[in-house]
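Each remark here refers to the structure printed beneath this line.
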Number of protein chains: 2
Amino acid sequence: MRSYRQYCGLAKALDVIGDRWTLLIVRELLIRDRCRYTDLRDGLPGIATNLLADRLRELERAGIVAREDAPPPIATTLYQLTSRGRELEPVIDQIGRWGGPFVAERSKKDTFRSHWIALPLKLHLKDRTPRRPPIAIQLHCGDEPVVIETRDGAVRTRIGSIPDPEVTLTGAPQLVIGVLTGKIELAAARAAGLKFEGDREVLRRVVPERRREPRD
Amino acid sequence: MRSYRQYCGLAKALDVIGDRWTLLIVRELLIRDRCRYTDLRDGLPGIATNLLADRLRELERAGIVAREDAPPPIATTLYQLTSRGRELEPVIDQIGRWGGPFVAERSKKDTFRSHWIALPLKLHLKDRTPRRPPIAIQLHCGDEPVVIETRDGAVRTRIGSIPDPEVTLTGAPQLVIGVLTGKIELAAARAAGLKFEGDREVLRRVVPERRREPRD
DNA sequence: CAGCATCCGCTTTGATACTG
DNA sequence: CAGTATCAAAGCGGATGCTG
């Protein structure tokens with residue numbers, strides 16, 4: 001990206017992360033921690049492979065991404081965020097929150113990967129009763145399973161499965177998100193096709209975090 | 001901008017605000033509230049005029065910017081953010097914070113407009129003793145004067161002058177910002193060329209706000 | 001197969017000139 | 001003042017080819 005050449009923090013940041021696809025690549029790495037080129041490509045439907053390679057080079061040069069050549073017998077390259085890269089989480093959080101209203105309904109032309117909901121869920125949800133024993137909620141709403149786990153009061157999410165989750169939700173992402181953020185009643189979601197298994201009290205334990213009111 | 005077509009809040013947001021120049025236009029409108037096409041162009045050195053016109057059209061269509069035809073005798077068009085547009089302030093705040101390290105030093109090729117510092121100062125500073133009578137700090141570090149004012153505990157900034165400020169700072173933006181954010185001692189800044197007039201105790205009243213620690 | 005690089009047509013951007 | 005018009009250059013998207 002050509003620099004704006006403006007002595008301004010916003011403009012300087014956009015010089016680095018303002019390119020097309022760049023922040024979506026960071027999104028992938030925030031969710032997956034360490035992953036291969038192919039994982040990134042699969043999580044970024046629509047990207048041209050040469051662009052992904054270009055962006056990874058630029059991000060590495062900017063100190064946001066580090067590439068690690070896994071030793072044999074794995075023999076593959078792994079990409080991960082540096083600490084400077086992980087500092088982009090609040091940036092992506094805010095942009096994603098601003099874009100929240102746009103995901104109220106889903107267009108048929110939109111692609112979806114289930115792990116995309118992991119980041120907003122982790123950032124939005126909190127454990128209402130952190131003293132009680134940890135719980136896990138298993139989600140099935142796309143290509144890969146996602147787990148929500150409480151641990152030390154924090155809510156974590158990751159790609160994967162767990163043998164005995166307290167709750168399992170299966171269905172369209174709109175319904176899964178709606179139920180977890182409290183925007184859709186469980187009964188309404190089940191009527192709309194969501195499958196629910198487990199203890200419904202557990203579901204109430206994980207609730208959207210109250211946002212700080214903006215100043216001014 | 002071509003849509004990413006991803007069912008993801010971040011991607012949907014970037015469909016709208018991810019174009020080159022778009023967030024810088026929002027920056028201008030956050031600082032200036034209502035302004036003319038020419039004001040925007042002056043605040044965006046480097047932008048091609050057709051691009052500014054294009055972006056304003058797109059932003060209007062997206063419900064972020066509203067255009068208002070001022071009645072005669074003014075007879076000019078004024079642009080301002082809608083409420084949805086003002087909701088981008090936290091987005092720009094976070095991106096600007098992330099870009100903060102990049103403005104540690106200034107390249108000679110960088111352009112500068114003094115009002116660019118108004119937004120980060122407003123977002124970073126707080127009034128340590130909000131009960132005391134309001135104060136004003138006058139800044140001269142570029143093309144236009146900027147005022148910092150305390151009011152009801154909040155810190156506000158605007159383009160303009162005030163007759164009798166408690167403090168006046170004149171000099172390079174690095175020095176002005178450094179002193180206000182506490183990164184440079186006043187004595188060091190004066191040695192480096194900053195002119196200071198007024199009550200140095202007043203300067204201590206306005207301090208950087210403590211950021212909430214990130215979760216996780 | 002993973003991890004790119006190359007090529008090509010198309011779109012976006014940038015610089016400048018011009019207009020009501 | 002507030003844009004539109006024009007055109008060259010850069011960037012992007014899609015397909016394909018190469019290499020270990």
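Within every chain, numbering begins at 1; the chains are lettered A, B, ... in the order of the sequence lines, protein sequences first and strands thereafter.
- The CZ-P distance, from A/R55 to D/dG13, rounds to 8 Å in whole Å.
- Along DNA chain C, read 5' to 3', the first and last nucleotides having any atom under 4.0 Å from a heavy atom of chain A are C/dA2 to C/dA15.
- End-to-end axis angle of the helix from C/dC1-D/dG20 to C/dG20-D/dC1, using five pairs per end and rounding to 10°, comes to 30°.
- Using a 4.5 Å heavy-atom cutoff, the side chains of B/E60 and B/Y79 are not in contact.
- The side-chain heavy atoms of B/R27 and A/C8, taken from C-beta on, include a pair separated by under 4.5 Å.
- Position along DNA chain C of the nearest nucleotide to A/T77 versus A/Y4 favours A/T77 as the more 5'-ward residue.
- A close approach under 4.0 Å does occur between a side-chain nitrogen or oxygen of B/Y79 and OP1 or OP2 of D/dG3.
- The interatomic distance linking B/R57 (CZ) with D/dA5 (C1') rounds to 12 Å, in whole Å.
- Applying the ring-ring contact (aromatic ring centres under 6.0 Å, His included) test to residues at least two apart or on different chains, the pairs with a partner in residues 85-111 of chain B are B/W98-B/F102.
- Look at CE on B/M1: it is 11 Å from C1' on D/dG11, rounded to the nearest Å.
- Residues B/L52 and B/W21 form no side-chain contact, since every pair of their non-hydrogen atoms from C-beta on lies 4.5 Å or further apart.
- No side-chain heavy atom of B/E197 sits under 4.5 Å from any side-chain heavy atom of B/Q138.
- DNA chain C is contacted by B/D19, B/R20, B/W21, B/G46 of residues 9-46 of chain B, taking any non-hydrogen atom closer than 4.0 Å.
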Base, backbone or nothing for each nucleotide of nucleotides 15-20 of chain D, written B, S, -, heavy atoms under 4.0 angstrom, 5' to 3'? -B----

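- Taking atom CD1 on A/I47 and atom P on D/dG14, their separation rounds to 11 Å, with Å as the unit.
- Looking only at side-chain heavy atoms (C-beta outward), B/T157 and B/L139 stay at 4.5 Å or farther from each other.
- Using a cut-off of 4.0 Å between Lys/Arg side-chain N and Asp/Glu carboxylate O, A/R55 and A/E58 are scored as salt-bridged.
- A salt bridge is absent between A/R113 and A/E28: the closest approach of a Lys/Arg side-chain nitrogen to an acidic carboxylate oxygen does not fall below 4.0 angstrom.
- A/L180 places a side-chain heavy atom less than 4.5 Å from the side chain of A/L203.
- Between B/R86 and B/E89 there is no salt bridge, since no side-chain N of the basic residue sits under 4.0 Å from a carboxylate O of the acidic one.
- Considering CZ of A/R156 and CD1 of A/I148, their distance stands at 14.0 Å, rounded to 0.5 Å.
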Give every donor-acceptor pair under 3.5 Å between a side-chain atom in residues 158-171 of chain B and any protein atom, sequence neighbours left out.
unit_1, atom_1, unit_2, atom_2, d
B/R158, NE, B/E149, OE1, 3.1
B/R158, NH2, B/E149, OE2, 3.4
B/E166, OE1, B/A136, N, 2.8

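- With rounding to whole Å, B/L51 atom CG is found 12 Å from D/dT4 atom P.
- Other residues, nucleotides and ligands contribute only 12 or fewer heavy atoms inside 6.0 Å of the CZ atom of A/R151.
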